[in-house]
Structures are given as C-alpha cells and as structure tokens.
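Input: a single structure, listed below in structure tokens.
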Amino acid sequence: MSTSYDHKAVEAKWQDRWEKQRAAEVDLRHARGKYYMLMMFPYPSGDRLHVGHGRNYILGDALYRFLRMNGKRALNPMGWDAFGLPAENAAIQRGIHPKDWTLGNIKVMKEQFRRWGILYDWSKEIASCFPEYYRWNQWLFLRMLEKGLAYKKMAPVNWCPSCRTVLANEQVVEGACERCGTPVVQRDLEQWFFRITDYADRLLDGLDQLEGWPEKVKVMQRNWIGRSEGVEIRFEIPALSESVTVFTTRPDTLHGATFMVLAPEHPLTPRLIAKHPDRAGIESWIETVRNTPRIQRSAEETPKEGRDTGSVAVNPATGEEIPIWLANYVLPEYGSGAVMAVPAHDARDLAFARQEGLPIRLVYHPEDRNVDPATMTEAILHEGVIRNAPPFDGAVDGPETIGRFIEWLQKNGWGQGKVAYRLRDWLISRQRYWGTPIPVVYCDKDGMVPVPDGQLPVELPYNVEFTGREGNPLSRSKEFVETKCPKCGGPARRETDTMDTFVDSSWYYLRYLSPRDPARMFDPELANHWMPVDQYIGGIEHAILHLLYARFICKVLHDFGLVGIEEPFQNLFNQGMITRYSEKSGRIEKMSKSRGNTVSPDELIEEMGADTERVYTLFIGPPEKEAEWSDEAVAGAHRFLQRVWRMLERLPEAPPTAPADAELERDRHATIQRVTHSLQRFSFNTAVASLMELSNSLFRALEEKTASRLRCEETFDTLVQLLHPMAPHVTEELWERRGYTESLLESSWPELDESKLRRERIHLVVQVDGKLRDRVEVDASADEKEVRAAVLASPKVQEHLGGREVAKAVLVPGRLINLVTRKSA
RNA sequence: GCGAAAGUGGCGGAACUGGUAUACGCGCUAGACUUAGGAUCUAGUCCCGAGAGAUCGGGUUGGGGGUUCGAGUCCCCCCUUUCGCACCA
C-alpha cells in the first residue's frame with residue numbers, strides 16, 4: 001500500500017498560516033522599486049464560484065507567487081465591484097436587502113479564495129457599495145459636471161410599461177422585458193451622460209501605445225469608437241428656404257444621389273410633411289418607428305420601411321430636384337441623421353430604391369470600380385453613367401478623387417470635411433436603487449443644484465421598499481428625496497437616479513493604493529509611483545465597456561492634473577473560458593450554472609485538493625485559449641503531485657555517490673531555464689509539463705540509483721520550488737519536511753547556471769539531402785572539419801550517400817549537419 | 001458581407017527567433033504486485049510496409065503551390081472552424 005498525502009490537512013494548515021502571516025502586505029510608501037500588478041475587481045454575484053471561474057484567480061496567484069519568489073515587489077489587492085442589478089433582483093425575489101445580500105456573498109467568495117490558496121493583500125480591500133468609496137464617484141461626477149463632461153439631456157431609452165422602469169439593452173430579450181415579458185417601448189427620458197465622445201480621438205490614438213494589449217481587444221475598441229472621415233454636404237430645400245446637411249464618406253458619388261433619406265426623428269420632418277395629404281398616416285408610422293427598440297431597429301434583418309415626404313431637395317452637383325424620404329434604416333444619432341442616397345454605390349440605398357422604385361444612377365462604371373455589373377445593367381440602360389463630371393477630370397476612383405471632391409465642395413460652399421464617430425456619449429444614469437446616488441438636487445427656485453463637496457457623500461438610505469413594481473425604490477423614499485437646497489435653503493428634491501456600476505470600476509485601481517484615505521479620491525504621489533498597472537488579468541467580456549471607460553476616466557483624471565499617466569493598464573491578459581460537455585444541450589459549452597455543466601471546486605478540493613485543481617487548471621492548455629475540462633485528466637494532475645510527495649520518502653535510499661550526477665544536474669538547470677521562461681510568457685501549461693519531466697527524471701534516478709543522494713535532494717528541492725506557484729500548499733509542506741525553516745514563498749527562485757547546461761559530448765543529427773539518416777556523438781567543441789570526418793565515418797551515412805559527392809555541408813552547431821549531394825543540375 | 005485568430009495522434013496539447021514533429025498529460029493495450037481494485041509500478045501506443053527480432057524502408061502537421069541545404073513555422077491560392085463587428089451612410 002503506497003502512502004498518499006492528506007491534502008486536506010496540508011491545505012488547511014498552510015491556509016491558516018498564510019492568513020496569520022498577512023504581514024506580507026506591501027508598504028506602498030516605502031517599497032523600493034516598483035512592481036504593481038494583478039488587478040481584479042470581481043462582482044460578488046451570489047452564485048458559487050466554479051472551476052471555470054477559478055482560472056483567472058489561480059493564474060493571477062501563480063504569477064504573483066512567481067514574481068514574489070523572484071524578488072519583485074508585487075501587489076495583489078482585491079476588492080469588490082459591489083453595486084449592481086442582481087443584488088436588487090435578489091431583494092425583490094427573496095426579500096433580502098441588497099446590502100446584506102452583497103456582504104454575505106463577499107464573505108462566501110473570500111472563503112473560496114482562501115480555499116484555493118490565493119494570497120490577496122486584504123489590507124487594500126475596497127467595496128464600491130460603501131460610502132467611503134462611492135463618495136468619490138460623486139466627487140468625480142461634480143468635477144466632471146463643472147467641466148461640462150457630465151450633462152443631462154433627453155434620450156431614448158428602453159422602457160417596460162409594466163415594470164415602469166428603464167431597462168439596459170442586455171435586459172431586453174427579443175424586444176420584450178426579461179422579467180415580465182411585456183414588449184419594451186422606446187421612450188424619451190432625461191438622462192445623465194459622460195461626454196466620452198470628447199475623448200474619442202485620444203482613446204483611439206492611445207491604443208497604439210498599448211503594446212502589452214491583445215490585438216483583438218484593440219481592434220474591438222477601434223471598431224467601437226468607429227471613427228470615419230467624410231464630408232458634410234448641404235442640400236437646399238427650396239420650398240422651405242432651408243437646407244439639410246448629410247454626412248457621407250463617399251462625396252465622389254454625389255452625382256449619383258437620386259434621392260435623400262432622413263431619419264423619421266429628424267428635426268425638419270414636421271415641416272417637410274406639413275402639407276402632405278396623408279400627414280396623419282405618416283405621423284403614426286413615425287411613432288411606430290420611434291417605439292421600436294433600438295437594437296431591433298438597427299438589425300439587418302429588419303425590413304426597410306419608408307415614406308415619401310412629398311418635398312424635394314436640390315442635389316448641388318447636378319442641380320436636380322430629388323425627393324426626400326423618411327426611412328427606419330437611417331439612425332438619428334449618427335452623422336447628421338440624414339443621408340444622400342446613392343443606390344448605385346450603396347447596398348442599403350440600392351435595396352431601398354428597388355423596393356420603392358426610385359431611380360438608380362451610376363457614377364462609376366462597373367469597369368472602373370467594384371460594382372456588380374449584373375445588378376447595374378438596368379441603371380446603365382436607363383440613366384447612363386456620369387463620368388467626367390467635375391471634379392473627376394477624367395480620373396477615376398481612389399482617395400485622391402475623394403480629396404479633390406472635398407476641395408471642390410468647399411470651394412463652392414456646399415460642404416466641408418467632417419469626422420463622424422460611432423461612439424456615443426456614455427449614459428450613466430440608472431433608475432435603480434443599488435448604485436451611487438447622483439449628487440444633485442432640484443430646487444423650484446434655483447433649478448438643478450450640485451451638492452457641495454462638504455455635503456458628500458450623499459448616502460443611500462437603507463430603509464427602502466423593494467416591490468419590483470413602480471420603478472426606482474429610491475424615488476419613494478421620503479427620507480432621501482426631501483432635502484434642502486444648498487443655495488437657498490428652501491425645500492428641494494434629490495436626484496434619484498444612480499450611476500452605472502461601470503463608473504465604480506473605472507478608477508478602482510487608483511483607490512487600491514490608499515483605500516482608507518478620508519480626504520482624497522486617491523493619493524497622487526502614490527499613483528504616480530505605482531501606476532500604470534503592470535498586469536491586468538480578466539475575461540474578454542470586458543474588452544469594450546469596462547476597459548474603454550477605465551481608459552476614459554484615467555484620461556479625465558489626467559486632465560484634472562491628478563495623475564500623470566493617461567493609460568491605466570500597461571499589460572492586459574485575457575484568459576480563455578473553461579468549457580465542458582453539457583447534458584442539457586448535448587454540446588461542449590462555456591461552463592455555467594444555467595447550462596448545468598459546472599464542476600464545483602468544493603467537491604474537487606474535498607476529493608483531490610486545491611493544489612490538484614490549480615495544477616490541472618494551469619496544465620489544461622494555453623491560458624489565453626478556451627479549454628475543455630476533463631474529469632479524467634484531473635486525476636493526472638493528482639497523480640503527479642502524489643508522485644512528488646512519495647519521492648520525499650525515497651530520497652534517503654539514494655546512494656552516496658553515483659555515475660549519472662551530471663546528467664541530473666543538467667536536467668535540473670534545463671528545467672529552471674524552461675520553467676522560468678514559460679512563466680514569464682504566461683505559458684503555465686508548458687511549465688507544468690517541464691516539471692513533470694524533471695519529476696520523471698528524478699524518479700528514474702531514484703529507482704535505478706543512478707544519482708547520488710545529495711544530487712537527488714538538490715533536484716527535489718528545486719522541483720518543489722519551481723512547482724510552488726502552481727501547487728503552493730503541498731510544496732510548502734514538502735519544503736518544511738525537507739528541514740527548511742523559512743517559508744518556501746520567502747525563498748528565492750532557483751538560480752540558473754548556464755555552464756551546467758553544456759555537455760562534453762553531444763548527439764548530432766545527420767541529414768543527407770535534408771532527410772534524417774543517423775545520429776552521431778561528437779565532442780561539443782568539434783569544428784566542422786572534425787564533425788564532417790566523424791559523420792563520413794558512419795556506415796549508414798555512406799550507404800545513403802551511395803557514392804555521391806558531398807557538394808555542401810550545412811552545420812548547425814549543437815544540432816545537426818546536413819550533407820547535400822549535388823543535384824542533377 | 002467585413003475584420004481577427006486558428007487548423008498537429010483516439011483526446012487536451014508541445015515544438016523559443018526555420019534545424020531530430022508528436023514533449024507532457026489523458027485514454028487505450030499487455031504485464032507485475034494484490035482476496036480485489038477506478039491504488040501503485042513496468043513496457044508499449046502517429047500511419048503504412050518488411051522482419052521472429054533488436055531493427056529497416058516509406059509517409060504524415062486541413063488541401064495545393066512556392067522560397068530554402070532544410071518548412072508545423074516564412075510567402076501565395078483554396079477549404080474549414082471559432083471569435084468580434086454588422087442597416088454607421
């Protein structure tokens with residue numbers, strides 16, 4: 001019967017010890033050298049964490065331990081993104097107050113982290129739902145309000161008539177309210193915004209500096225910002241003595257604009273349809289379009305619908321009068337909410353023109369430009385092709401043509417260059433309780449008045465009612481709503497909207513540095529010393545929203561003169577998801593509670609230990625890629641740790657002297673080199689593989705008694721040290737049992753001696769004409785001449801040469817030699 | 001449709017800047033120890049062919065072409081998959 005180690009006892013022992021010696025907390029003010037790493041800010045959701053969630057925490061902890069053993073000052077803080085919708089839903093469904101629910105979840109999550117053996121510096125702990133934290137959201141809001149970066153305006157929102165509340169886009173499922181199934185309508189409400197569009201160019205340009213970010217995330221952000229350069233062109237509407245401006249990136253197709261399309265919401269619409277015989281019909285159609293949720297309206301499957309206003313505009317290039325239409329596919333918020341329709345060169349305009357029987361006119365001939373000739377034939381036949389119209393001057397296509405057009409339009413006073421963005425201002429107000437109250441009050445006399453800094457924080461009242469109906473519970477709290485105007489002292493009402501939780505997470509990394517500071521949002525001196533964050537680990541789901549908002553707020557704080565940096569996160573790592581077969585769907589899917597394919601860490605830890613889970617999670621595959629969880633393969637990680645454990649008992653069996661010492665020593669150093677390199681590149685899976693190899697070598701040496709006791713012990717110690725970031729508990733225990741009194745975590749990473757990697761005799765691969773034919777052993781110092789002589793002495797090589805002459809020999813030192821025979825000319 | 005990444009054994013995956021393809025693990029096969037084992041250990045395990053045999057020959061990184069003494073890796077074309085964007089004018 002072989003001994004197996006009691007992982008439960010070992011893990012409990014070290015988890016207790018780590019908890020007690022929290023002294024490892026970094027003294028930020030006195031730490032010399034900087035290595036500020038690993039940012040996380042999880043949401044305490046109440047669902048038990050599963051092994052899929054464990055991946056990024058385990059990854060981060062392994063990295064943290066590795067850095068620390070390498071003498072780096074690493075900071076590993078943890079805090080809670082504690083506001084959010086699930087807490088409020090829990091209150092509605094189960095009658096638990098969001099605060100109590102959240103704090104309970106935090107406790108559970110902390111216990112799970114402890115059981116994974118994860119070392120967080122809890123002295124830096126923050127939670128966004130505490131007034132000590134969110135008062136600085138309010139402070140930031142007031143500063144942004146002063147600078148015009150926060151503002152209020154009417155905006156269309158998703159409104160559930162039954163719940164009487166605003167819904168986030170994510171809460172609208174197929175056009176209906178996620179909770180009650182009532183069709184959602186579009187409604188205009190006064191909303192608070194942050195002017196992120198002012199920063200569009202800087203957010204875009206900043207990406208080029210972020211070399212430590214995955215290209216994928218940068219591309220996603222670039223698409224989201226969606227900068228496009230184009231032109232604004234004015235079209236006169238003679239009947240109204242007005243003009244309408246369109247935005248286009250293709251001014252060179254202006255001659256082909258045969259009609260114009262406005263968003264139904266366009267400000268000129270009422271005047272354009274004023275004299276229309278079916279005005280009422282059009283107005284009711286407009287209402288339908290307005291009530292369509294935005295997501296549905298801008299889906300490609302949605303059929304194009306339009307109405308002719310009966311009014312006309314003048315195409316400045318041709319002088320022709322063209323009809324003005326309204327259509328659902330033109331969005332009011334992009335560009336100027338109006339387009340010149342060029343059906344010959346735009347797929348959407350073409351579809352619409354065909355549907356409504358509007359004229360199609362070619363500007364470019366199919367031979368000039370990428371136009372589908374088949375679809376264009378009818379246009380050519382009916383309208384002909386406009387070429388050599390000014391300012392073509394016979395030239396065709398390309399950016400130069402467009403450039404000339406812009407100049408020409410400008411000269412004629414018809415238009416000018418303009419940049420349009422897809423990015424919209426950030427809507428930060430939520431009609432919800434569980435969030436940061438927006439610090440303004442409304443006074444009948446003074447209007448909207450910001451809350452003075454001295455009266456911050458505006459605290460959330462605890463005693464409110466959660467009915468799930470009638471919208472925001474905050475607005476029914478008299479205690480909260482009724483207040484005094486800071487200006488005149490008269491009666492006033494508080495703003496009851498709260499902030500989007502992304503505001504909380506957009507600056508938390510700065511608060512980690514001085515979490516209890518009562519006087520400031522953060523300490524600029526510490527921020528300048530420790531920022532930017534060296535390593536950020538998180539899921540790809542944050543690629544746009546959170547990471548864009550955090551970059552934006554960082555730039556805002558920079559402009560306020562509070563921090564020197566403009567980019568908060570230097571290196572970003574996106575771990576891949578863990579997948580598993582789901583009985584429900586019969587497919588391999590992302591591990592999640594709703595799919596019923598989760599693996600509980602509790603049971604796994606009970607059965608095989610946290611170290612096993614950690615090693616397997618890291619070994620499963622490249623951490624940036626998706627990986628499929630295999631219940632069987634976990635056992636392999638467990639066997640590996642058991643093997644390492646058993647070797648401790650066998651060390652004394654090794655002989656005092658033995659022949660293969662040098663070989664084991666070389667393996668040891670090769671492993672140090674490989675593991676160190678692997679961990680530097682986040683390649684945890686190959687690091688574990690290398691350690692398994694070293695373990696196999698040592699095991700064999702012990703079995704066959706080919707290495708001395710001292711050598712075996714030294715190899716074992718190195719193995720344990722290198723394994724520590726992945727399997728911290730069992731390695732600490734083994735280290736202690738080896739007689740070391742200092743904690744393994746405090747020991748320093750094994751040193752690589754490159755001279756030990758060298759061999760005296762090396763195996764060289766011999767190729768003849770690029771094909772592997774033999775291996776020869778030569779002195780490591782042998783020069784080409786000697787190698788050649790040794791190789792030619794091989795009977796196998798001679799056989800394959802078959803008497804042919806060696807025309808050329810390519811020697812790759814230490815690896816191979818390729819003998820090239822002359823090829824038939 | 002546009003953009004990005006990737007295609008290697010039965011499976012997860014190795015191969016750093018072109019240099020022994022399939023490391024490591026899972027699974028599988030045979031054996032050992034055992035009352036028994038999903039425990040442990042030993043040997044084997046890319047495919048085809050020859051041989052009793054250690055071995056020997058040939059082929060193989062989605063398909064096709066190219067560069068090179070040499071290509072999983074670089075270049076071109078095609079196929080497939082995954083992800084992101086998608087009425088943005």
Side-chain angles (χ1 to χ4, degrees), chain A residues 1-4 214-220 222-224 226-228 230 246-250 253 261 263 297-304 327-331 333-342 345-349 351-352 420-424 540 543-544 576 615-616 619-622 624-637 639-640 642-643 646 673-674 677-678 680-681 683 685-693 695-696 699 703 763-775 796 807-821 823:
Chain A
M1 172 109 180
S2 64
T3 52
S4 80
E215 201 51 44
K216 183 181 175 166
V217 175
K218 290 194 272 188
V219 168
M220 282 167 77
R222 281 191 195 106
N223 289 342
W224 187 262
R227 183 191 149 100
S228 60
V246 303
F247 174 77
T248 179
T249 53
R250 293 292 308 279
T253 62
V261 191
R297 175 161 161 196
S298 60
E300 204 171 7
E301 310 85 66
T302 308
K304 291 179 176 38
N328 60 349
Y329 75 94
V330 176
L331 306 172
E333 32 331 77
Y334 186 78
S336 56
V339 301
M340 60 176 211
V342 185
H345 303 291
D346 182 281
R348 297 155 308 195
D349 296 342
F352 193 70
Y421 300 89
R422 167 188 256 128
L423 184 71
R424 306 282 142 72
I540 188 75
I544 297 176
V615 168
Y616 178 64
F619 184 60
I620 192 167
E624 68 279 8
K625 273 184 64 183
E626 239 181 39
E628 191 192 337
W629 187 269
S630 154
D631 297 308
E632 286 161 331
V634 183
R639 276 198 283 271
F640 165 57
Q642 293 287 6
R643 239 162 110 95
R646 279 197 304 274
Q673 187 179 45
R674 289 215 299 269
H677 186 225
S678 290
Q680 282 162 353
R681 311 185 287 149
S683 183
N685 54 328
T686 56
V688 173
S690 302
L691 289 168
M692 286 172 167
E693 281 184 78
S695 151
N696 291 344
F699 191 85
E703 192 78 4
H763 289 274
L764 213 60
V765 164
V766 187
Q767 296 181 336
V768 176
D769 290 330
K771 282 194 194 251
L772 174 74
R773 292 305 180 192
D774 199 8
R775 291 177 178 84
K796 266 193 207 165
K808 186 177 161 188
V810 182
L811 177 70
V812 183
R815 284 187 182 271
L816 60 73
I817 182 163
N818 188 9
L819 304 177
V820 185
T821 65
K823 281 176 184 160

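The sequence lines fix the lettering, A, B, ..., with proteins before strands; numbering per chain opens at 1.
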Would you measure the distance from the P atom in U22(B) across to the matching atom in G9(B) and give it in whole Å? 14 Å
Could you tell me the separation between the CZ atom of R815(A) and the C1' atom of C69(B), rounded to a whole number of Å? 16 Å
Rounding to an integer number of angstrom, what distance separates C83(B) and G72(B) when you compare their C1' atoms? 23 Å
When the P atoms of U82(B) and G12(B) are considered, how many whole Å apart are they? 15 Å
G37(B) pairs with which nucleotide, Watson-Crick or G-U wobble, both distances below 3.5 Å? none
Quick one: label A689(A) by what it contacts on the DNA or RNA (base, sugar-phosphate, nothing), any heavy atom closer than 4.0 Å. base
Mapping V219(A) and T686(A) to their closest nucleotides on RNA chain B, which lands nearer the 5' end? V219(A)
Sticking with atom C1', work out how far U20(B) lies from G49(B), rounded to a whole angstrom. 23 Å
What's the CD1-P distance between I544(A) and C83(B), to the nearest Å? 16 Å
Taking C24(B) as the reference, what is the distance to U42(B) when you measure between their P atoms (whole Å, please)? 13 Å
Go nucleotide by nucleotide along RNA chain B from the 5' end; which of G226(A) and E626(A) gets its closest nucleotide reached first? E626(A)
Distance between P atoms of U55(B) and G44(B) (Å, rounded): 10 Å
Rounded to whole angstrom, note down the C1' distance from G66(B) over to A71(B). 11 Å
How far does CG of D349(A) sit from NZ of K304(A), to the nearest 0.5 angstrom? 9.0 Å
Using a 4.0 Å heavy-atom cut-off across all strands, classify P303(A) as base, sugar-phosphate, or nothing. base
About how many Å separate NZ of K796(A) and CZ of R775(A), when rounded to the nearest 0.5 Å? 8.5 Å
Presence of donor-acceptor pair under 3.5 Å, side chain of N223(A) and base of C85(B): no
Distance between the P atoms of U61(B) and A21(B), in whole angstroms? 12 Å
Hey, are N696(A) and R643(A) close enough side-chain-wise for a donor-acceptor pair under 3.5 Å? yes
Judged by whether its glycosidic angle lies within 90° of 0, G10(B) is anti
Check the surroundings of atom CZ in R424(A): do more than 12 heavy atoms from other residues, nucleotides or ligands lie under 6.0 Å from it? yes
Salt bridge (charged side-chain N to carboxylate O under 4.0 Å, His left out) with E626(A): which residues, sequence neighbours excluded? none
From A89(B), C41(B), C87(B), pick the nucleotide closest to the side chain of R643(A)? C41(B)
Integer-rounded Å distance: C24(B) P and N696(A) CG: 7 Å
